[in-house]
Novice: 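This structure is in structure tokens; I'll ask about it shortly.
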Protein chains: 2
Amino acid sequence: MATRPQQSPRRTDALSKERIVEAAIEMLDAGGEKALTFRGLAARLATGSGAIYWHVANKDELLAAATDDVIARVVTDVAGDAEPRDAIRAMALGVFDAIDMHPWAGVQLSRRPWLVALPQLFEGFGSQLEALGVPERVLFDSTSALVGHVLGAAGQNAANGRLYAEGTDRAAVLGSVAEEWARLDPARFPFVHRVAAQLPEHDDREQFLTGVDLFVTGIVTTRA
Amino acid sequence: MATRPQQSPRRTDALSKERIVEAAIEMLDAGGEKALTFRGLAARLATGSGAIYWHVANKDELLAAATDDVIARVVTDVAGDAEPRDAIRAMALGVFDAIDMHPWAGVQLSRRPWLVALPQLFEGFGSQLEALGVPERVLFDSTSALVGHVLGAAGQNAANGRLYAEGTDRAAVLGSVAEEWARLDPARFPFVHRVAAQLPEHDDREQFLTGVDLFVTGIVTTRA
DNA sequence: ACCTGAACACCGTTCAAGT
DNA sequence: ACCTGAACACCGTTCAAGT
């Protein structure tokens with residue numbers, strides 16, 4: 001008999017890298033990096049733990065694939081014909097929310113940065129900066145810096161979020177940090193003393209957006 | 001007999017949290033996060049693995065302490081009477097170099113962000129921004145954003161560095177990434193196509209400094 | 001108070017054996 | 001070609017027992 005063409009392109013019950021990554025993301029979301037084990041994953045997929053290795057090389061690759069998946073989802077649907085600054089804000093917020101919803105991806109980002117989605121980010125931010133009149137000569141550096149800022153700041157935020165996620169609420173955690181800051185030697189930390197009280201008040205999302213705006217303003221102002 | 005005063009405040013051969021953290025940093029520097037094990041640490045300190053638990057609660061706390069140590073070293077000796085912008089650059093570079101030399105600390109930073117050293121960073125950056133005339137009303141937000149930018153961007157950089165550290169050299173790795181980028185669909189990625197060639201050329205440290213400058217310019221320009 | 005090291009309950013990964 | 005699951009070589013952490 002002839003070699004059977006792949007008539008049913010994906011049997012629902014067959015294992016595939018996509019199904020594995022999807023299940024991995026669910027486990028990571030539910031319990032963080034430590035909750036993802038090959039044994040647990042195999043059980044969830046009703047297979048043997050070794051079967052997973054047929055589709056992914058190892059845990060690092062699985063984590064990288066999961067991170068890429070989560071970021072790529074966001075990057076694909078970037079708004080088309082908005083004002084450049086708004087488009088930048090929208091894309092940045094997409095990354096922010098993705099990492100906020102999947103904090104483990106933020107950690108992964110600082111381990112293996114070369115996302116498959118990186119070209120999309122470069123394309124999106126770079127073309128908008130160009131539309132803002134940033135000259136060719138500094139376009140690459142400006143875009144790199146902006147991409148780095150967005151990924152970095154979003155990752156930092158997710159790290160903060162991890163703190164309140166574990167039981168205690170945000171206000172309580174930040175409140176006690178503020179108290180610690182207020183107890184520091186006022187002679188050595190005059191500035192920290194003055195601003196400590198503002199710590200529990202601020203809105204993380206708002207502050208992230210402010211940061212992006214500041215950065216874009218810096219780029220636009222610096223061009224010459 | 002009366003309770004003996006602690007006459008020799010630290011016996012050279014006694015275990016202490018400092019000695020443990022110091023040894024942990026050496027192991028992390030030598031082989032990354034996976035190279036740090038309690039068994040290896042115990043062997044290096046010529047003790048039992050359980051002894052370490054008398055001084056640190058668990059591996060997470062040990063990693064946090066090691067990270068704090070590495071960042072705190074840098075933050076302590078910030079220049080005193082430089083120009084505000086230069087002082088900011090110097091402090092930012094200190095963080096950059098610390099994370100560049102200890103990439104595992106960058107990963108840790110995105111896991112537990114509330115460094116003991118954080119007040120120092122806030123104090124340093126905040127007071128310099130104040131000296132630049134940033135008004136009180138936006139001082140806290142601006143400082144938070146700057147600290148976040150520095151930690152985030154430095155972490156991103158360390159993540160990149162990890163790639164070339166493992167055998168292959170920087171130019172080769174970035175060169176092949178640039179080739180991949182050049183193979184992307186030019187219709188969908190016109191910008192990426194144009195700048196791909198610049199990828200292997202750029203200086204990471206320089207680009208980080210540029211980013212900090214852009215950010216400060218953004219803050220100073222935005223104040224109103 | 002501090003240290004020892006065996007024991008416990010896990011891991012990621014491999015691989016002969018199956019279909 | 002793809003899956004199974006026992007086996008291997010590790011882990012972090014605990015804890016009775018020592019000094």
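Just so it is clear, the values below take in all heavy atoms, side chains as well, and ignore hydrogens, waters and symmetry mates. In what follows, chains carry the letters A, B, and so on, assigned in the order in which the sequence lines appear, proteins first and then strands, with residues in each chain numbered from 1.
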Novice: Please report the closest heavy-atom contact between Gln198(A) and Arg194(A), naming both atoms and the distance.
Specialist: NE2-O, 4.5 Å
Novice: Could you give the CD1-to-P distance, from Ile52(B) to dG12(D), as a whole number of Å?
Specialist: 9 Å
Novice: Would you call the rings of His149(A) and Phe208(A) parallel, tilted or perpendicular, taking 30° and 60° as the class edges?
Specialist: parallel
Novice: Without decimals, in angstroms, what is the distance between Leu41(B) CG and dG12(D) C1'?
Specialist: 12 Å
Novice: For dC2(D), take OP1 and OP2 only and decide whether either is under 4.0 Å from a side-chain N or O of Trp54(A).
Specialist: yes
Novice: Evaluate the criterion side-chain contact (heavy atoms from CB on, under 4.5 Å) for residue pair Val150(B) and Ile88(B); output intermediate values, then yes/no.
Specialist: CA-CA 10 Å; Val150(B) 168; Ile88(B) 288 173; over 6 Å; no
Novice: Any stems for DNA chain C, made of 3 or more Watson-Crick or G-U pairs in a row, each with both distances under 3.5 Å?
Specialist: C:4-8 with D:12-16, C:12-16 with D:4-8
Novice: When the distance from CG of Leu15(A) to P of dC2(D) is rounded to whole Å, what number comes out?
Specialist: 10 Å
Novice: Do His102(A) and Asp29(A) have side-chain atoms, one donor and one acceptor, less than 3.5 Å apart?
Specialist: yes
Novice: Rounded to whole Å, please give me the gap between NE2 in His55(B) and C1' in dC2(C).
Specialist: 7 Å
Novice: Where do Val195(A) and Thr143(B) land on the side-chain contact (heavy atoms from CB on, under 4.5 Å) test, with the steps shown first?
Specialist: CA-CA 10 Å; Val195(A) 299; Thr143(B) 305; over 6 Å; no
Novice: Check the distance between dG12(C)'s C1' and Leu63(A)'s CG and give it to me in whole angstrom.
Specialist: 12 Å
Novice: Might you list the N or O atoms of the protein lying below 3.5 Å from N or O atoms in nucleotides 5-11 of chain C, with each pair's distance?
Specialist:
{"unit_1": "dG5(C)", "atom_1": "O6", "unit_2": "Gly50(B)", "atom_2": "N", "d": "3.3"}
{"unit_1": "dC11(C)", "atom_1": "N4", "unit_2": "Arg39(A)", "atom_2": "NH2", "d": "3.4"}

Novice: Are Phe189(A) and Phe122(B) close enough that their ring centres sit under 6.0 Å apart?
Specialist: no
Novice: Suppose we call two aromatic rings close when their centres sit under 6.0 Å apart. Are Phe38(A) and Tyr53(A) close by that rule?
Specialist: yes
Novice: Run the numbers on Leu41(A) and Leu62(A) for side-chain contact (heavy atoms from CB on, under 4.5 Å), then give the verdict.
Specialist: CA-CA 11 Å; Leu41(A) 196 54; Leu62(A) 181 54; 3.6 Å; yes
